[in-house]
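Keep in mind that the numbers below use all heavy atoms, side chains included, and drop hydrogens, waters and symmetry copies. Every number for a ligand or one of its atoms is a count from 1 in the order of the listing.
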Amino acid sequence: MEKIILTGDRPTGKLHIGHYVGSLRRRVELQNSGLYDKIFVFEADAQALTDNIDNPEKVRQNVIEVALDYLAAGLDPAKTTLFIQSQIPELCELSFYFMDLVSVSRLQRNPTVKTEIQMRGFSGESIPVGFFTYPISQAADITMFKATTVPVGEDQEPMLEQCREIVRRFNYIYGDTLVEPNILLPDNAACLRLPGTDGKAKMSKSLGNCIYLSDSADEVNKKVKTMYTDPSHLQVSDPGHLEGNTVFTYLDAFANDEQVARITGDYATLQEMKDHYTRGGLGDVKCKKLLMEVLQETLEPIRQRRAEFEKDIPAVYEILRKGCEVARAAACQTMDEVRKAMKINYFDDRALIEEQARRFQK
Ligand code: TRP
């Protein structure tokens with residue numbers, strides 16, 4: 001069986017370093033590993049609209065931002081098909097058929113949907129149907145491309161479980177047609193969810209605690225300078241704490257020992273530096289200096305690639321358009337198989353037409 005990767009993001013904002021360590025970096029590694037037959041990465045603009053009905057302009061603006069972030073991070077259109085969800089109408093078609101396979105109570109039990117309903121303050125049954133059913137549409141995204149591997153964060157686990165159920169149900173009713181996907185979770189604990197620069201659990205635009213992939217070197221350094229560390233570490237000689245110390249969480253996510261040794265000249269490994277910090281005698285400023293250097297080493301090549309692509313924005317749209325064409329061809333192929341399995345392929349089925357003709361002629 002072909003090994004196929006599919007994953008995507010809602011284009012609701014520029015991507016930040018949390019996205020980078022949580023998913024983007026891994027995608028680029030997977031892309032370059034040569035282990036996969038096909039890779040699809042897409043912008044879930046239609047899904048973003050389920051939750052931004054009154055703000056289509058926001059989604060429209062961020063489609064190009066996210067495309068630039070993808071390309072800057074190293075996704076290569078020669079190896080990875082980059083496309084936009086709304087441009088693949090077959091996804092709506094497949095979602096519609098999937099809706100017959102899922103009950104309202106099953107959707108209500110989806111923990112991600114549950115929390116999102118609460119977060120957005122929908123009460124009772126005022127939730128828009130499109131929003132409520134987006135796990136079904138997401139199952140269509142995944143199965144349309146016969147994805148075997150879906151690299152996403154742990155918050156997407158319920159979506160994948162629901163998708164697998166739909167696949168099993170579909171294949172049971174209509175015969176083996178669709179592929180059950182596996183989730184691929186981030187491998188480093190520090191990367192599961194990078195906290196904001198203020199130490200809050202999550203990076204989010206509304207909290208203003210993000211470092212964006214598109215931030216300038218100065219912006220990054222400024223943000224690192226104000227980062228949350230250990231509030232009880234008042235004097236350099238005080239013992240410091242690593243728990244909840246955002247600078248060390250970021251170092252775990254970004255720094256390797258080679259960098260620590262080369263940049264500090266004082267420690268062979270990150271662990272040695274942490275030991276010094278917890279013993280006391282190591283100031284926050286030094287730790288932040290290291291983090292700045294490490295972040296710049298990661299972000300500078302990304303910034304440079306972004307600047308190159310920004311010079312020719314029409315070419316970036318062209319990359320997306322071509323990606324949509326490739327994705328659409330794959331989608332049409334799957335839908336042919338789905339329609340055949342569901343017995344709604346009337347005009348492709350000579351035998352059916354002849355059989356009906358005989359029946360009526362007698
Ligand atoms: N729900 C995902 C997110 O918010 C985006 C997404 C939509 C997705 N369809 C997908 C991810 C299919 C993986 C596979 O990040």
Under 4.0 Å from a heavy atom of Leu6: which atoms of ligand 1 are those, numbered in the order shown and with their elements? 12 (C), 14 (C)
Top protein contact for atom 15 (O) of ligand 1, by heavy-atom distance: Gly8 O, 4.0 Å
Ring centroids only, cut at 6.0 angstrom: are Phe122 and Phe131 within range, meaning strictly under it? yes
Check ligand 1 against Arg10 and write out every atom of the ligand that is under 4.0 Å from a heavy-atom position of the residue. 4 (O)
Side-chain H-bond candidate by donor/acceptor type, Glu293 with Gln259, under 3.5 Å: no
Any idea which atoms of ligand 1 are less than 4.0 Å away from a heavy-atom of Phe42? 7 (C), 9 (N), 10 (C), 12 (C)
With backbone taken as N, CA, C and O and side chain as the heavy atoms from C-beta onward, which portion of Gln156 lies under 4.0 Å from ligand 1: side chain, backbone, both, or neither? side chain
Name the closest protein heavy atom to atom 8 (C) of ligand 1, giving the residue it belongs to and the distance to 0.1 Å. Gln138 NE2, 3.5 Å
Taking atom types as modelled, find out whether Gln356 and Arg359 have a side-chain donor-acceptor pair closer than 3.5 angstrom. yes
Does the separation of the ring centres of His233 and Tyr277 fall below 6.0 angstrom? yes
Under 3.5 Å between any N/O of Asp9 and any N/O of ligand 1: does that happen in this structure? no
Taking the six-membered ring for Trp, are Phe145 and Phe83 ring centroids under 6.0 Å apart? yes
Who's the nearest protein heavy-atom neighbour of atom 13 (C) of ligand 1, and how far? Val152 CG1, 3.6 Å
Hey, are Asp51 and Tyr134 close enough side-chain-wise for a donor-acceptor pair under 3.5 Å? no
Can you tell which of Thr112, Asp141, Val150 gets a heavy atom nearest to atom 9 (N) of ligand 1? Asp141
Hey, which atoms in ligand 1 end up nearer than 4.0 Å to a heavy atom of Ala44? 7 (C)
Do any nitrogen or oxygen atoms of Gln47 come within less than 3.5 Å of a nitrogen or oxygen of ligand 1? yes
Compute whether any side-chain donor of one residue and acceptor of the other, for Glu308 and Gln304, lie under 3.5 angstrom apart. no
Verify the distance criterion only: is there a donor paired with an acceptor across the side chains of Gln85 and Asp141 at less than 3.5 Å? yes
